[in-house]
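Down below is the structure, laid out as structure tokens.
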Amino acid sequence: MVSVVGDRLRLVVKVLGSLVADEVGRATRLRRHTRRSEWAPGEAAEASAGAEQRRAKAVRHALESLGPFYVKLGQILSTRPDMVPQSLRDELQNLHDQVDVQPFSVFEPVLAGDLGPDWKLRFDDVDTVAPLGAASLAQVYKVTLPGGRPAVVKIQRPGIREGVLADMALMRRAARIVARVAPRFNEVIDIEAMLGSVFDAMEPELDFTGEARAMDEARENIRPFRTLEVPRVLYAGPRVLVQSLAPGTSVRHIDRAHFTDDERIEIGKDLLRFMYHGYFVHRFFHADPHAGNVFAVPGGPATLIDWGMVGRLDRRTSLQLLPLFMALAQNDGAGLAHHWAEMGRMTAWSNMPAFIADMAAFVPKVSHLSLEDMNFGVSLTTVLAKATKRGIGSPPAVSLLGKSFANLDGSVRCLAPEITLPEVFQGEVPKILLALGREFLGRHQFARNSMELLLAAVTSPEQLRGVLGDMANRQFALNVHEPRTSAAMGGQRPTHPSGGLLALGALAFLLGRRGSP
């Protein structure tokens, strides 16, 4: 492993050194041109913009040449306006995890290693001429199983796992250096924690047994959404994955005219509903649901493929994320600002009143728009940029969430651009809250919830008595923003987490009573 890290370090230094040399060369040529001639009106600005665009393209090509880890990292950076300038973000959105197709013979030893020397007996046919997909981590081939059933086999590239792990080790070292030399920056943007969330999400891509488990979990979660499905796992080894073939084509290439309006709109809404439940109920979500990973066919369900990159949220972050979405859907800029601050962390130089003003101006502009007019992923990154500017640190999970939101946006837009996200979200909120309420009252959570309720009773007896009184009268309202003591927080202090748990339990109780005969 040490030698692999050393090899990767030399490659990274070589690629970055080439970038620096090219930049120095451009700057030198620009200075010579400036000395020899006067710029025409507007020519200097045009030259500067052109140089910036060339620089961005060079960075993108460098990341693509360094391999899958740096491609994923670049894709996430394209959603981080607090870290990357606009011109580079625009270019990073064009990052492709596509490489030259290697001959099938390169992958035969991998098949033999995972499936055994008689691996050919497992298939009636393998289309070795034209793979269905070629990415930097794996190639995918169409196969025919005994009996004639079509399927696909995903085969990891030889040696790729060791290279990605070496890249991760290098980036961890770099993150620690950043933390030491730029502590103020690191306090707002915790680079090491952000990278940790990316590493965790990529883990199933390095061992296909993890991807298979993610697919099995997703298949259970997707059952209530009748227009969606997840491929069935037929075999899973560390480097080989066999799964059912997704019918149709990716929604990036579909002709919407081949679908009825009701059909494509329902698929789009179900995709949003499924992802919302992933964020808020299951706390497990597809981190890369771009249009190439959603296959659709007229008259049949859409299939969400490629579960190699998944995200998981802890319970607290997920519970804090839900009211943030509610604030956006209800055009509540101040509420969104408070919930974002509760998810993240305040610094010594945080300016909460200014952040509230930012959100009060921004949210009304986007809360009513359809996907034709709004990119929710871009909206999220706008909030992130404003928060960072005001000294408010965001949780590490935001990077992966931003990537997931942005990709989800694009997929649904391909199917049904007339959908309005807040409308779909608000329609799903009662089901989400009911699911959370049932979780709160479930036996597995009983001991912990009881302890938190006891703590709430000790620390906030007046609030507890008021809530119980409201429950008795069948009236319930949760005041999310309790008085805060910090002036930097704009006169607000964080809500105690047990208050939110109590709210969910009470809500589940009321919904259950209303639904009973």
Side-chain angles (χ1 to χ4, degrees), residues 68-69 72 97 102 104-128 131-165 168 198-223 228-247 250 274 278 282-290 292-295 301-312:
F69 174 74
K72 300 291 186 188
D97 188 20
Q102 288 187 297
F104 183 76
S105 58
V106 171
F107 296 91
E108 287 193 68
V110 180
L111 283 168
D114 263 34
L115 299 179
D118 60 345
W119 65 267
K120 293 181 181 179
L121 300 178
R122 292 176 177 258
F123 310 108
D124 277 355
D125 182 60
V126 181
D127 185 355
T128 61
L132 294 175
S136 50
L137 276 169
Q139 281 186 192
V140 180
Y141 294 88
K142 184 178 179 180
V143 299
T144 303
L145 302 177
R149 184 166 47 146
V152 298
V153 58
K154 182 176 182 180
I155 314 169
Q156 193 175 97
R157 290 183 182 275
I160 197 70
R161 172 183 169 85
E162 292 75 17
V164 172
L165 291 176
M168 290 179 175
V198 178
F199 298 162
D200 291 342
M202 285 187 68
E203 207 170 278
E205 292 191 284
L206 303 179
D207 183 341
F208 291 163
T209 60
E211 182 171 352
R213 287 192 297 271
M215 291 171 68
D216 290 339
E217 186 175 349
R219 195 178 310 106
E220 288 300 313
N221 296 343
I222 213 168
R223 288 184 188 277
L228 301 178
E229 62 180 22
V230 172
R232 186 167 298 281
V233 177
L234 305 176
Y235 169 83
R239 299 182 298 166
V240 175
L241 179 66
V242 183
Q243 62 189 53
S244 57
L245 177 68
S250 77
F274 170 64
H282 307 301
R283 302 175 191 117
F284 160 77
F285 59 92
H286 199 304
D288 204 16
H290 60 73
N293 283 339
V294 182
F295 276 59
T303 308
L304 193 52
I305 68 167
D306 194 357
W307 287 84
M309 193 171 191
V310 296
R312 294 187 183 274

Of the non-hydrogen atoms in Ile305 and Pro231, which two are nearest, and what is the gap between them? CG2-CG, 3.9 Å
The reported gap from CE in Met309 to CG in Asp200 (rounded to nearest 0.5 angstrom) is 10.0 Å
For a 4.5 angstrom cut-off between non-hydrogen side-chain atoms, does Pro238 reach Asp207? yes
Does a sphere of radius 6.0 Å around CD in Gln102 hold more than 12 heavy atoms from other residues, nucleotides or ligands, not counting ones at 6.0 Å or beyond? yes
Taking only residues two or more places apart in sequence or in another chain, which ones pass side chain to side chain donor-acceptor pair (under 3.5 Å) with Asp216? Arg219
When you compare the side chain of Val242 with that of Val152, does any pair of heavy atoms fall below 4.5 Å? no
Student check: side-chain heavy atoms of Val230 and Thr303 closer than 4.5 Å: no
Can you find a heavy atom in the side chain of Val310 that is under 4.5 Å from one in the side chain of Phe285? no
Okay, side chain of Asn293, backbone of Asp288: is any donor-acceptor separation there less than 3.5 Å? yes
With a 3.5 Å cut-off and no angle check, do the side chains of Gln139 and Arg157 form a donor-acceptor pair? yes
Rounded at 0.5 Å granularity, tell me how far CZ in Phe69 sits from CG in Leu206. 10.5 Å
Can you find a pair of side-chain heavy atoms, one from Leu245 and one from Lys142, that are under 4.5 Å apart? yes
Main-chain N/O of Phe274 paired with His282 side-chain donor or acceptor, under 3.5 Å: no
Whether Lys72 and Glu205 form a salt bridge (side-chain N of Lys/Arg under 4.0 Å from carboxylate O of Asp/Glu) is what I want to check. yes
Side chains of Thr209 and Leu241: closer than 4.5 Å at any heavy-atom pair? no
Identify the two heavy atoms, one from Gly210 and one from Pro204, that lie closest to each other, and give their separation to 0.1 Å. C-CB, 3.8 Å
Calculate, to the nearest 0.5 Å, the distance between atoms CZ and CZ belonging to Phe208 and Arg161 respectively. 11.0 Å
Are the side chain of Ser244 and the backbone of Arg232 linked by a donor-acceptor contact shorter than 3.5 Å? yes
Measure from the side-chain N and O atoms of Gln243 to the backbone N and O of Leu234, and report whether any donor-acceptor pair falls under 3.5 Å. no
In Å, rounded to the nearest 0.5 Å, how long is the span from OH of Tyr141 to CD1 of Ile155? 6.0 Å
Worked verdict on Val198 versus Met168 for side chain to side chain contact (heavy atoms under 4.5 Å, CB included): CA-CA 10 Å; Val198 178; Met168 290 179 175; over 6 Å; no
Going by heavy atoms in the side chains, are Leu304 and His286 under 4.5 Å from each other? yes
Going by atom type alone, with no hydrogens or angles, which donor-acceptor pairs under 3.5 Å involve a side-chain atom of residues 110-125 and a protein atom two or more places apart or on another chain?
| residue | atom | partner | partner atom | Å |
| --- | --- | --- | --- | --- |
| Asp114 | OD2 | Arg239 | N | 2.8 |
| Asp114 | OD2 | Val240 | N | 3.1 |

What's the verdict on side chain to side chain contact (heavy atoms under 4.5 Å, CB included) for Thr128 and Glu108, showing C-alpha distance, side-chain angles and the deciding distance? CA-CA 10 Å; Thr128 61; Glu108 287 193 68; over 6 Å; no
Identify whether the distance between the nearest side-chain nitrogen and carboxylate oxygen of Arg312 and Glu217 falls below 4.0 Å. yes
Nearest heavy-atom approach of Ala212 to Ala236 is CB-CB, 3.4 Å
